[in-house]
Every structure is written in C-alpha cells, then in structure tokens.
Amino acid sequence: QVRLVESGGGLVQAGGSLKLSCTASGNSGRLGVMGWYRQAPGKQREFVATITTHSSTTYADSAKGRFTISRDAADNTLYLQMNSLKPEDTAVYYCNGNDLVTAWRVYWGQGTQVTVTS
C-alpha cells in the first residue's frame with residue numbers, strides 16, 4: 001500500500017504562485033509515473049501534468065509555460081510549481097502515481113484546495 005498526501009494549497013491572487021507538494025509513504029518504491037490532476041466544482045477531474053521515473057514530463061495545454069512538475073527521490077516527494085496563476089486554475093489538486101508492480105493499480109491523494117482570486 002502507498003499513501004499520498006498533498007499539501008501547499010491555499011488562496012492567492014491572480015498572477016501569484018504556489019508550490020504544491022505530495023509526499024509518499026508506505027511502499028513508495030512501487031510508484032512509477034506520477035502526476036497532478038485537478039477538479040473544479042461541477043467538472044470532471046482533468047489532467048495537469050505527469051512525470052516519469054526518467055524525469056520525462058507532460059503538461060496539459062492549460063499548464064504549459066506556467067506549471068512545472070518535478071520529483072525528489074530523496075524526500076519521496078512530488079512537486080508542482082505553479083506560476084502566473086489564473087482564476088480558472090481554482091480547483092482541488094490531486095497527486096497520483098501508478099504501481100510499478102501492479103500496473104493497473106493507481107494511488108490517489110486526498111487533494112489540496114487551490115483558490116485563485118481576481
């Protein structure tokens with residue numbers, strides 16, 4: 001079992017920045033690709049960014065040029081640096097990771113709220 005816990009969310013003004021963290025505990029060595037997803041009220045959860053164990057990254061069009069995903073093996077932590085935040089970035093942000101041993105198994109954190117005001 002792997003547990004993921006997000007932190008770093010909060011309320012910021014448009015144009016501001018936040019850095020989200022996701023710490024992994026348990027058998028964190030099983031995690032392969034990790035990513036950030038977000039869900040706004042009344043909308044489906046959507047992809048934001050992913051990063052592989054080889055540090056290859058993929059971003060949603062809405063995140064390109066503004067967000068940076070990274071992972072720190074020493075701290076077992078996933079990060080999302082968010083710059084130039086917009087009100088439309090307001091959502092609950094979730095981190096996830098797939099299980100390298102059981103590929104169909106995906107772990108999710110509880111989410112952290114990001115609110116961007118005009």
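All figures in this text were calculated on a predicted structure; none of them were measured in a lab. Only this structure's heavy atoms are used, side chains among them; waters, hydrogens and symmetry mates stay out.
- Checked against side chain to side chain contact (heavy atoms under 4.5 Å, CB included), Thr58 has the following partners two or more places apart in sequence or in another chain: Phe47, Thr50.
- Across all non-hydrogen atoms, the minimal contact from Val5 to Gln110 is CA-OE1, 3.5 Å.
- Residues that satisfy the side chain to side chain donor-acceptor pair (under 3.5 Å) test with Lys64, not counting sequence neighbours, are Asp61.
- Residue pairs meeting the disulfide (SG to SG under 2.5 Å) criterion with at least one partner in residues 25-92, sequence neighbours excluded, are absent.
- Other residues sharing the hydrophobic cluster of Ile51, ordered by chain and number and joined by side-chain separations under 4.5 Å: Val2, Leu4, Val12, Leu18, Leu20, Leu31, Met34, Trp36, Val48, Tyr59, Phe67, Ile69, Leu78, Leu80, Met82, Leu85, Tyr93, Tyr107, Val114, Val116.
- Evaluation of the salt bridge (Lys or Arg N to Asp or Glu O under 4.0 Å) test over residues 1-26, restricted to residues two or more places apart or in two chains, returns none.
- A donor-acceptor pair under 3.5 Å is absent between the side-chain atoms of Thr102 and the main chain of Trp104, judged by distance alone.
- Applying the disulfide (SG to SG under 2.5 Å) test to pairs two or more places apart or on separate chains, none has a residue in residues 47-89.
- Remark: Leu11 pairs with Thr115, Thr117 by the side chain to side chain contact (heavy atoms under 4.5 Å, CB included) rule, at least two apart or across chains.
- Under the side-chain hydrogen bond (donor to acceptor under 3.5 Å, both in side chains) criterion, the residue pairs touching residues 79-91 are Ser17-Asn83, Arg38-Asp89, Arg66-Asp89, with sequence neighbours excluded.
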- prompt: Between Glu46 and Tyr37, does a side-chain contact (heavy atoms from CB on, under 4.5 Å) hold up when you go through it step by step?
  reply: CA-CA 5 Å; Glu46 66 177 2; Tyr37 297 76; over 6 Å; no
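- Every residue meeting the side chain to side chain contact (heavy atoms under 4.5 Å, CB included) condition with Ser118, not counting sequence neighbours, appears here in chain and number order: Pro87.
- Sorted by first then second residue, the disulfide (SG to SG under 2.5 Å) pairs that include residues 25-61, not counting sequence neighbours, number zero.
- Distance alone, capped at 3.5 Å, places no donor-acceptor pair between the Asp75 side chain and the Thr77 backbone.
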field: Residues Thr112, Ser7; criterion side-chain contact (heavy atoms from CB on, under 4.5 Å); working and verdict
entry: CA-CA 6 Å; Thr112 186; Ser7 63; 5.6 Å; no
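- Sorted by first then second residue, the disulfide (SG to SG under 2.5 Å) pairs that include residues 19-117, not counting sequence neighbours, are Cys22-Cys95.
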